[in-house]
Amino acid sequence: MDALREAVRTGRLTPGTRLPSSRTLAADLGVARNTVADAYAELVAEGWLTARQGSGTRVARRAAPRTRTPSGPPARASGRRPAHNLRAGSPDLSSFPRGEWLASARRALAAAPHDAFDYGDQRGRVELRTVLADYLARTRGVYADPERVVLCSGFVHGLTLMAQVLAARRGRAGARGGTKAARAVAVESYGLGFHRDILAAAGLRTPALSIDELGTRTEELTVGMGELRGADAVLTTPAHQFPTGAALHPDRRAAVVDWARGAGGLILEDDYDGEFRYDRQPVGALQGLDPERVVYMGTASKSLAPGLRLAWMVLPRALVGEVIGAKGDVSAVPSAVDQLTLAEFITSGAYDRHVRSVRLRYRRRRDQLVEALAEHAPESRVTGIAAGLHAVVELPPGTDERTAIQAAAWQGLAIQGLSAFRHPSVPPGREALVVGYGAPTDSAWAGALDALCRVLP
């Protein structure tokens, strides 16, 4: 009761926010349902909440909290922590399978050889590399053997290693020719800015490839006009473009592989949410088309949790030594205990069961999001929903993205606009919100969805 009062008092729970049912909240907190029901009843009596048959329990329509600034009139509270996280790319951390993970850890530790606790191989534990090679072949169509799998501490770590390798190749080419070759890694016109920053920090240019409803326009690499001329690598999300959600068309998949073969280039494939497909058959990894030209990069951050810091690269054979050299230090390898635990978790079938479970949960949320927006914001178009943990909500004509984000902040929503992902060289495009539906817990999802519907026209 104290926590709910404080959340309403500070504005973290905004007026009108729907609270989870007493049954759901009791299950989340691990307490009796009557305990939650009694707390709700007391807060209703005090005027903090309202309860109506068929409408559920909601935060009462009270005046928004106000603070007085030294130089002016009262102003609305700002800078408060959002009540709901609808940012793209975050999974529901409450769904982490603690019990099965603990059981896998116990089995893995009991069976671990003594050398598992030494510094070990810079590529990572062979147990996990072997299991991953089999799993990726079975589920993503990746051609891999354990010798080509390198484990790293998250996708960013893997991308940093690849940036170092590409930059070192530039230096060697420059030494042979007397001047440094102008190297570039083409990126998608919408994507994560800090990925571009990692490449730029290594001295690599990052020209943009256009995107449309068929995915990234990879044919632009073949033409090689303007900034794209001289690009010898491309960073792409072919199975589910981030953040627009398009799957790369088969013709364009073939085009980028043909470009890599003809130009001697590399494709860096970010398969960031490959397990989450809803309305269509899974799109196989691009790597299967040419394992010697594609660097496949995957992670457990969406399927399990980012805090595990477990990711992997499946490398062309010629790159293995260069990447290990870029690693340099075995301290860059994830914890051996976590590696062994994940290997056991996959081998036991627990990983497949977990993925199936959360896939159903995220699909339900996706469906609820689409239904709610169709009812409350019918002029907003929802796209990019066949897979993943987010949707793109295109705003109606005349609706400003920045205004919608500000309105969301007042509703306690952390949300991003599509423009936040736009490459600096790309002119402004459509006004849209990128709505992540993965992060909220089950008990918070209804309130987050209600708040979003109040934001949209």
Side-chain angles (χ1 to χ4, degrees), residues 89-91 93 95-98 100-137 139-140 142 144-165 192 194-195 198 268-275 287 295-315 319-348 350-352 354-355:
S90 299
L93 300 179
S95 69
F96 184 80
R98 302 180 190 219
E100 297 232 39
W101 185 262
L102 180 59
S104 294
R106 286 173 174 158
R107 292 193 298 269
L109 285 171
H114 297 314
D115 67 2
F117 305 102
D118 203 347
Y119 289 108
D121 193 322
Q122 288 175 303
R123 289 169 297 183
R125 290 297 306 176
V126 67
E127 295 91 340
L128 179 54
R129 290 189 284 115
T130 301
V131 168
L132 280 173
D134 291 340
Y135 174 80
L136 294 173
T139 63
R140 304 296 298 127
V142 171
D145 64 63
E147 301 304 307
R148 299 168 68 154
V149 177
V150 173
L151 301 172
C152 43
S153 300
F155 176 84
V156 166
H157 180 209
L159 183 60
T160 301
L161 292 173
M162 287 308 308
Q164 292 172 7
V165 167
L192 290 168
F194 64 87
H195 289 176
I198 289 169
L268 310 182
E269 179 179 11
D270 178 4
D271 195 30
Y272 69 98
D273 64 355
E275 291 91 351
Q287 190 263 7
V295 176
Y296 177 87
M297 307 173 78
T299 174
S301 66
K302 304 296 185 292
S303 56
L304 286 170
L308 291 177
R309 312 306 303 151
L310 285 168
W312 44 86
M313 296 187 288
V314 181
L315 299 168
L319 272 182
V320 174
E322 293 181 66
V323 170
I324 291 175
K327 265 190 150 186
D329 191 334
V330 291
S331 64
V333 178
S335 158
V337 173
D338 287 340
Q339 292 182 57
L340 293 171
T341 300
L342 180 57
E344 171 61 25
F345 194 71
I346 295 173
T347 301
S348 70
Y351 187 77
D352 283 332
H354 172 72
V355 168

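Reckoned from all heavy atoms, side chains included, excluding hydrogens, waters and symmetry mates.
For the residue pair A144 and V314, the shortest heavy atom distance occurs at CB-CG1, 3.6 Å. Of all heavy-atom pairs spanning R125 and P113, the tightest one is NH2-CG, 3.8 Å. When every heavy atom of K327 is checked against every heavy atom of Q122, the shortest pair comes out as NZ-O, 2.7 Å. For the residue pair L340 and A108, the shortest heavy atom distance occurs at O-CB, 3.6 Å. Counting all heavy atoms, side chain and backbone alike, W312 lies closest to C152 at N-SG, 4.1 Å. Counting all heavy atoms, side chain and backbone alike, A326 lies closest to V165 at CB-CG2, 4.1 Å.
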Does L151 form a side chain to side chain contact (heavy atoms under 4.5 Å, CB included) with L132? I'd like the steps, not just the answer. CA-CA 10 Å; L151 301 172; L132 280 173; 3.6 Å; yes
Evaluation steps, side chain to side chain contact (heavy atoms under 4.5 Å, CB included), between M313 and L161: CA-CA 10 Å; M313 296 187 288; L161 292 173; 4.0 Å; yes
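Not counting sequence neighbours, D134 has no partner by the salt bridge (Lys or Arg N to Asp or Glu O under 4.0 Å) test. Checked against side-chain hydrogen bond (donor to acceptor under 3.5 Å, both in side chains), D271 has the following partners two or more places apart in sequence or in another chain: R140, Y296. Residues that satisfy the side-chain contact (heavy atoms from CB on, under 4.5 Å) test with S95, not counting sequence neighbours, are D92, H354, V358, R361, Y362. Under the salt bridge (Lys or Arg N to Asp or Glu O under 4.0 Å) criterion, R107 pairs with E344, not counting sequence neighbours. When the salt bridge (Lys or Arg N to Asp or Glu O under 4.0 Å) test is applied to R123, the partners found at least two apart in sequence or on another chain are D121, E147.
A side-chain donor-acceptor contact under 3.5 Å links Q339 to the backbone of P334.
Aromatic ring orientation, Y351 versus Y135: perpendicular (interplanar angle above 60°, classes split at 30° and 60°).
With rounding to the nearest 0.5 Å, the separation of CG in L315 from CE in M297 is 8.5 Å. Taken from OG1 in T160 to CZ in F155, the straight-line distance is 9.0 Å, to the nearest 0.5 Å. In this structure, the separation between OG on S303 and CZ on F96 is 10.0 Å, given to the nearest 0.5 Å. Note that CG of L102 is 9.0 Å distant from OG1 of T341, once rounded to the nearest 0.5 Å.
Under the side-chain contact (heavy atoms from CB on, under 4.5 Å) rule, L342 has a single partner from V131, L304, L308, which is L304.
The shortest distance between side-chain heavy atoms of P306 and P91 falls below 4.5 Å. Between L159 and D270 there is no side-chain heavy-atom pair separated by less than 4.5 Å. Side-chain atoms of S104 and T347, non-hydrogen and from C-beta on, never get closer than 4.5 Å to each other.
Pairs engaging residues 297-314 under the salt bridge (charged side-chain N to carboxylate O under 4.0 Å, His left out) rule: none recorded [sequence neighbours left out].
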